[in-house]
Q: 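Let me give you the structure first, and then I'll get to my questions.
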Amino acid sequence: MKNKIFFLFIALIVLNACKKAENIKTNTSTNNHFWEIKNQDARPVIVNWEQYENDTIKIKTPIGWRIKKSTDSWIYFPYDKKNPKLYFAITKYNVAEVNLNAKSYLIEGFKQISDKIDEFHYILKKLSFANGTECYLLTIFTKEKNLNYITYSLICQPENLIYDFAFKTLNNQKDNEVNYRKFLLIAQSFEDDKNMVIDGSKFIINEEKVLKFEDLK
């Protein structure tokens with residue numbers, strides 16, 4: 001079963017194929033919807049957002065993002081027409097069906113990264129939240145055709161489901177903090193079947209532990 005699993009954070013590094021999605025609605029009233037994100041220079045960056053929804057999901061994304069259909073991920077937003085490598089995506093797995101939990105999913109995915117990518121470095125953190133839940137945050141740094149990229153992957157396991165939220169962006173020092181915070185805001189806005197996967201009101205980190213993949217075994 002493991003070889004049939006599509007590891008999203010690998011896809012964000014090596015894939016960029018997509019098709020148009022169906023049954024997506026967009027709120028038309030978006031003028032008053034925005035996030036104010038503080039940058040390193042203390043001047044806030046305003047990110048206007050809109051909500052996408054279909055019969056089962058809701059998610060807030062920056063205005064102008066358009067969801068596409070992808071064979072490799074459940075939810076897929078390419079957000080830069082000039083660079084198809086840049087996108088936000090989500091995958092979801094049933095623990096019983098794939099015979100993995102969040103930890104073993106992460107280990108298996110890292111093995112595939114090591115096999116497919118020659119040069120990269122990473123930061124892995126285990127986040128423990130105020131409501132007692134835990135997630136893994138994996139940040140991968142790569143260089144492709146003379147461009148530097150960052151891929152953020154937030155892997156959570158509420159109950160019997162694994163959610164992998166991933167966001168690939170350019171590695172630009174002046175924008176990295178805003179992009180990271182934007183990624184977390186998008187992820188915590190997500191609802192699946194009317195349930196918040198990451199409850200923003202409880203998204204308070206009690207402990208942040210830096211790990212190596214060897215620590216997971």
Q: Looking at Val95 and Gln157, what are the two nearest heavy atoms and their distance?
A: CG2-NE2, 3.7 Å
Q: Salt bridge (Lys or Arg N to Asp or Glu O under 4.0 Å), that's the test. Do Glu144 and Lys85 meet it? Break it down for me.
A: CA-CA 10 Å; Glu144 305 164 48; Lys85 289 181 178 290; 3.2 Å; yes
Q: Is the backbone N or O of Ser70 less than 3.5 Å from a side-chain atom of Ser73, with the two atoms forming a donor-acceptor pair by type?
A: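 Looks like no, no N/O pair under 3.5 Å.
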Q: Could you walk me through whether Thr169 and Phe88 pass side chain to side chain contact (heavy atoms under 4.5 Å, CB included), step by step?
A: CA-CA 9 Å; Thr169 185; Phe88 173 92; over 6 Å; no
Q: State, to 0.1 Å, how close Glu36 and Pro44 come at their nearest heavy-atom pair, and which atoms those are.
A: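 Smallest heavy-atom distance, with atoms named: CG-CB, 3.5 Å.
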Q: Mind listing the closest non-hydrogen atom pair of Lys182 and Pro62 along with its distance?
A: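 Looking at all heavy atoms of both residues, the shortest contact is CD-CG, 3.9 Å.
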Q: Looking at CD of Glu134 and CG of Leu127, how far apart are the two atoms once the value is rounded to the nearest 0.5 Å?
A: 9.0 Å
Q: Write down the atom of Asn176, the atom of Tyr152, and the distance for their closest heavy-atom approach.
A: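 Looking at all heavy atoms of both residues, the shortest contact is O-OH, 3.7 Å.
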Q: Just by distance, do the side chain of Glu191 and the backbone of Val197 share a donor-acceptor pair under 3.5 Å?
A: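 Absent.
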Q: Run the ring-ring contact (aromatic ring centres under 6.0 Å, His included) test against Tyr122 and tell me which residues pass, sequence neighbours left out.
A: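 ring-ring contact (aromatic ring centres under 6.0 Å, His included) list for Tyr122, sorted by chain: Phe110, Phe213.
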Q: If you compare all heavy atoms of Ile140 against all heavy atoms of Thr142, which two are closest, and at what distance to 0.1 Å?
A: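 What the structure gives for the nearest pair is CG2-CG2, 3.9 Å.
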Q: Can you find a heavy atom in the side chain of Ile90 that is under 4.5 Å from one in the side chain of Ile59?
A: yes
Q: Check each of Ile123, Leu124, Leu154 against Leu137 using the side-chain contact (heavy atoms from CB on, under 4.5 Å) test, and report the only one that passes.
A: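 Among Ile123, Leu124, Leu154, the one that satisfies the side-chain contact (heavy atoms from CB on, under 4.5 Å) with Leu137 is Leu154.
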Q: Can you tell me how far CG of Leu170 sits from CG of Asp80, rounded to the nearest 0.5 angstrom?
A: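 These two atoms lie 7.5 Å from each other.
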Q: Do Thr61 and Trp49 come within less than 4.5 Å of each other through their side chains, counting heavy atoms only?
A: no
Q: For Asn160 and Asn94, does a side-chain donor sit closer than 3.5 Å to a side-chain acceptor?
A: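 No - no donor-acceptor pair under 3.5 Å links their side chains.
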Q: At what distance, to the nearest 0.5 angstrom, does CD1 of Ile198 lie from SG of Cys135?
A: 5.0 Å
Q: Taking Lys126 for its side chain and Leu211 for its backbone only, find out whether a donor-acceptor pair lies under 3.5 Å.
A: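 Between the backbone of Leu211 and the side chain of Lys126 there is no qualifying donor-acceptor contact (under 3.5 Å).
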Q: One pair to check against salt bridge (Lys or Arg N to Asp or Glu O under 4.0 Å): Glu50 and Arg66. What are the steps and the verdict?
A: CA-CA 10 Å; Glu50 57 192 344; Arg66 294 293 176 262; 2.9 Å; yes
Q: Are Tyr105 and Asp164 close enough that a side-chain donor and a side-chain acceptor fall under 3.5 Å?
A: yes
Q: Just wondering, do Ile37 and Leu185 contact through their side chains at under 4.5 Å, heavy atoms?
A: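 The answer is yes, as the side chains (C-beta and beyond) meet within the 4.5 Å cut-off.
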Q: Would you say the side chains of Tyr149 and Asn83 form a donor-acceptor pair under 3.5 Å?
A: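 Yes, side-chain donor-acceptor contact under 3.5 Å.
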Q: Got a second to check how far Glu177's CD is from Asn172's CG, nearest 0.5 Å?
A: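 If I round to the nearest 0.5 Å, the distance is 13.0 Å.
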Q: Looking at Lys38 and Val178, what are the two nearest heavy atoms and their distance?
A: O-CG2, 4.4 Å
Q: Side chains of Ile186 and Trp35: closer than 4.5 Å at any heavy-atom pair?
A: yes
Q: Is the shortest heavy-atom distance from the side chain of Glu159 to the side chain of Leu161 under 4.5 Å?
A: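 Of all side-chain heavy-atom pairs linking Leu161 with Glu159, none is under 4.5 Å.
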Q: Using a 4.5 Å cut-off on heavy atoms from C-beta on, say whether the side chain of Asn179 contacts that of Phe167.
A: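 Yes. Closest side-chain heavy atoms under 4.5 Å.
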Q: Do the side-chain N and O atoms of Thr56 and Asp192 include a donor-acceptor pair separated by under 3.5 angstrom?
A: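 Judged by distance alone, the side chains do not pair up.
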Q: Could you state the interatomic distance from CD1 (Ile57) to CD1 (Ile75), rounded to the nearest 0.5 Å?
A: 4.0 Å
Q: Check the pair Lys143 / Glu119 against side chain to side chain contact (heavy atoms under 4.5 Å, CB included), numbers first and verdict last.
A: CA-CA 8 Å; Lys143 187 171 185 178; Glu119 294 185 15; over 6 Å; no
Q: Which one of Phe165, Tyr76, Phe77 satisfies the ring pair (Phe, Tyr, Trp, His ring centres under 6.0 Å) criterion with Tyr87?
A: Tyr76
Q: Strictly under 6.0 Å, is that where the ring centroids of Trp74 and Phe190 end up?
A: yes
Q: Working to the nearest 0.5 Å, report the span between NZ of Lys103 and CD1 of Ile162.
A: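 Atom-to-atom, Lys103:NZ and Ile162:CD1 are 13.0 Å apart.
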